[in-house]
Amino acid sequence: MIKVLSQKDFQEKIVTQYTDVIGEKLGGKVLKFSDEWFAEAENLIKPKAPIFDANKFVPAGKWYDGWETRRHNTEEADYVIIKMGVASAKLIGCEIDTAFFNGNHAPHISVEAVSLGEDEGVESLPDSKWESVIPKTECGPSQKHFFVRDSITETNYTHARLRMYPDGGIARFRLYGSVVPILPSDSTTILDTASVLNGGVAIDRSDQHFGTADNLLLPGRGHDMGDGWETKRSREPGHVDWVVIRLGASTKISSVLVDTLHFRGNFPQKINVKAIKVVNDKEIPRFDSDKWDLLVGDSKTGPDKELEFKVSGDKVYSHVLFTMIPDGGVKRVRVFGNIVSN
């Protein structure tokens with residue numbers, strides 16, 4: 001059964017707890033589509049919100065920031081197949097945004113998924129291999145839709161197929177789930193367990209006015225300030241901004257790396273890092289609680305650089321609290337250590 005959530009509920013229950021596993025910024029990639037006459041399928045997974053230009057036309061017709069196919073599709077549905085940016089994921093729900101598609105939007109959609117090995121392709125994959133994640137569901141014009149399953153899938157998938165019935169346009173597609181990483185069997189291997197590729201999730205934060213906190217956990221160093229975490233300027237004495245990161249596995253932390261790449265006049269003056277071991281997210285204390293263990297004390301940062309902080313001790317942690325003093329922007333946070341248990 002599928003639930004339709006409000007944007008507020010979807011943000012609280014899905015976006016903050018799971019990962020958009022098909023997003024371009026995570027490495028998601030469009031592999032195949034039935035048609036993209038008016039607008040390209042790869043627009044679906046772009047990280048920025050769609051825009052509209054009433055006066056822009058291209059040789060194919062009116063320009064749209066999304067995926068739009070020809071009229072009068074003779075097949076049941078148009079489709080696009082996307083390879084996830086993670087090794088695999090269990091899926092829970094999706095966002096379908098038909099922004100600016102009014103009169104040419106997709107009347108209905110469905111989402112299916114499949115698990116493929118590295119040597120398996122999608123070119124000749126029969127329909128019988130695709131498993132339903134979100135069944136055929138009605139969509140409206142120029143609005144966001146939030147569809148959630150009753151429970152997360154038992155299967156972890158590698159590819160997703162979005163279908164729209166029979167044709168039309170969709171601006172953006174987000175598909176959320178729990179990342180199932182390929183973790184090393186050697187317990188001595190040092191791993192960044194905050195990385196989204198290894199199951200890390202930014203589950204809470206104080207503010208993300210200019211850049212979202214989930215950017216901290218992305219692979220690579222990005223390309224500008226837009227793909228980091230940046231908060232608004234604070235005006236109150238004693239202000240701090242913070243983010244709670246659920247690690248992909250319980251970790252004995254050996255070092256933390258903080259990257260301020262591209263943040264040259266707006267890097268935080270100082271940072272600190274704390275951690276805790278809890279059974280589930282509901283047990284996490286407030287950011288100012290003394291239940292957190294201090295791993296890295298208040299430390300100066302700088303513009304446009306990587307800073308590494310060594311961590312000593314044998315304690316195991318499940319969550320990390322990263323704090324900026326008083327505010328600013330950071331590109332990436334890496335938490336390195338040995339996995340103890342999932």
Side-chain angles (χ1 to χ4, degrees), residues 1-2 4 20-24 28-46 48-84 91 93-116 120-149 153 157-176:
M1 184 175 178
I2 299 301
V4 179
D20 173 17
V21 295
I22 60 169
E24 182 184 78
K29 186 177 181 181
V30 170
L31 299 182
K32 188 180 179 182
F33 48 82
S34 57
D35 182 73
E36 57 173 6
W37 177 261
F38 290 107
E40 297 177 352
E42 65 179 16
N43 290 328
L44 286 169
I45 58 175
K46 291 191 177 301
K48 294 183 179 180
I51 60 174
F52 182 70
D53 186 340
N55 299 312
K56 186 173 181 179
F57 287 81
V58 294
K62 179 72 186 74
W63 178 84
Y64 277 92
D65 185 9
W67 171 47
E68 186 183 6
T69 63
R70 294 177 177 90
R71 295 190 185 210
H72 313 307
N73 183 19
T74 57
E75 300 295 327
E76 180 187 19
D78 276 315
Y79 69 87
V80 57
I81 296 175
I82 302 166
K83 185 181 186 300
M84 296 178 189
L91 303 175
C94 73
E95 173 188 330
I96 300 289
D97 188 356
T98 57
F100 309 116
F101 288 99
N102 189 343
N104 55 348
H105 66 283
H108 294 80
I109 65 93
S110 68
V111 180
E112 300 154 319
V114 69
S115 183
L116 297 177
E120 295 181 279
V122 299
E123 289 301 321
S124 57
L125 199 64
D127 283 345
S128 59
K129 292 290 186 180
W130 292 98
E131 299 175 11
S132 177
V133 176
I134 304 293
K136 186 177 179 180
T137 307
E138 185 177 1
C139 289
S142 197
Q143 61 189 279
K144 290 184 177 181
H145 309 77
F146 304 99
F147 305 128
V148 178
R149 294 170 53 89
T153 61
Y157 299 102
T158 59
H159 296 70
R161 180 169 74 171
L162 171 65
R163 305 178 81 190
M164 60 179 175
Y165 303 81
D167 49 46
I170 298 171
R172 294 291 187 269
F173 174 38
R174 313 292 189 218
L175 183 60
Y176 289 87

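Note that these values count all heavy atoms, side chains included, but never hydrogens, waters or copies made by symmetry.
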Roughly how far apart are I82 CD1 and K32 NZ, rounded to 0.5 Å? 14.0 Å
Distance col, row H105:NE2 vs I109:CD1, nearest 0.5 angstrom, shows 12.0 Å
Which heavy atom in G169 sits nearest to a heavy atom in T98, and how many Å separate them? O-CG2, 4.2 Å
Tell me whether the centres of the aromatic rings in Y64 and F100 are closer together than 6.0 Å. no
Could you check Y157 against E131 for side-chain hydrogen bond (donor to acceptor under 3.5 Å, both in side chains), going step by step and ending with a plain yes or no? CA-CA 10 Å; Y157 299 102; E131 299 175 11; 2.6 Å; yes
Between N73 and D35, is a side chain to side chain contact (heavy atoms under 4.5 Å, CB included) present by the stated rule, with each step listed? CA-CA 10 Å; N73 183 19; D35 182 73; over 6 Å; no
Heavy-atom nearest pair, A113 first then V133, reads CB-CG2, 3.8 Å
Side-chain donor or acceptor of R174 paired with backbone N/O of G23 under 3.5 Å: no
Side-chain contact test, heavy atoms from C-beta onward, threshold under 4.5 Å: evaluate it for I22 versus L162 and give yes or no. no
Identify the heavy atoms of S110 and Y165 that sit nearest to each other, and give their distance. OG-OH, 2.8 Å
Partners passing side-chain hydrogen bond (donor to acceptor under 3.5 Å, both in side chains) against N55 (at least two apart in sequence or in another chain): none
I'd like to know if the side chain of S115 and the backbone of T158 have a donor-acceptor N/O pair within less than 3.5 Å. no
Take atom NZ of K136 as the centre, draw a 6.0 Å sphere, and report whether it contains more than 12 heavy atoms from other residues, nucleotides or ligands. yes
Decide, yes or no, whether a salt bridge links R161 with D127 under the criterion of side-chain N to carboxylate O below 4.0 Å. yes
How many angstroms lie between OH in Y176 and CZ in F147, if you round to the nearest 0.5 Å? 14.0 Å
Just do the side chain to side chain contact (heavy atoms under 4.5 Å, CB included) check on N43 and W67 with the steps written out, would you? CA-CA 6 Å; N43 290 328; W67 171 47; 5.7 Å; no
Please check if the side chain of R71 supplies one atom and the backbone of D167 the other of a donor-acceptor pair under 3.5 Å. no
Value rounded to 0.5 Å, distance of NZ in K29 from CD1 in I81: 14.0 Å
CD-CD distance between E36 and E68, expressed to the nearest 0.5 angstrom: 12.0 Å
Can you name the nearest heavy-atom pair linking P135 to I2, along with the distance? CD-CG1, 3.2 Å
For K56, is there any backbone N or O sitting under 3.5 Å from a side-chain donor or acceptor partner on K62? yes
Under 3.5 Å: donor-acceptor pair, side chain of D65, backbone of I51: yes
Report yes if the side chains of T137 and H145 come closer than 4.5 Å at any heavy-atom pair, otherwise no. no
Less than 4.5 Å apart, any side-chain heavy atom of V111 and any of L175? yes
Taking all heavy atoms of A41 and all of V30, pick out the closest pair and write down the distance. O-CG2, 3.9 Å
Is the backbone N or O of G168 less than 3.5 Å from a side-chain atom of T69, with the two atoms forming a donor-acceptor pair by type? yes
Return the CD1 to CZ distance between I45 and R172, rounded to the nearest 0.5 Å. 10.0 Å
Heavy atoms of N102 and S142 approach each other most closely as CB-CB, 4.5 Å
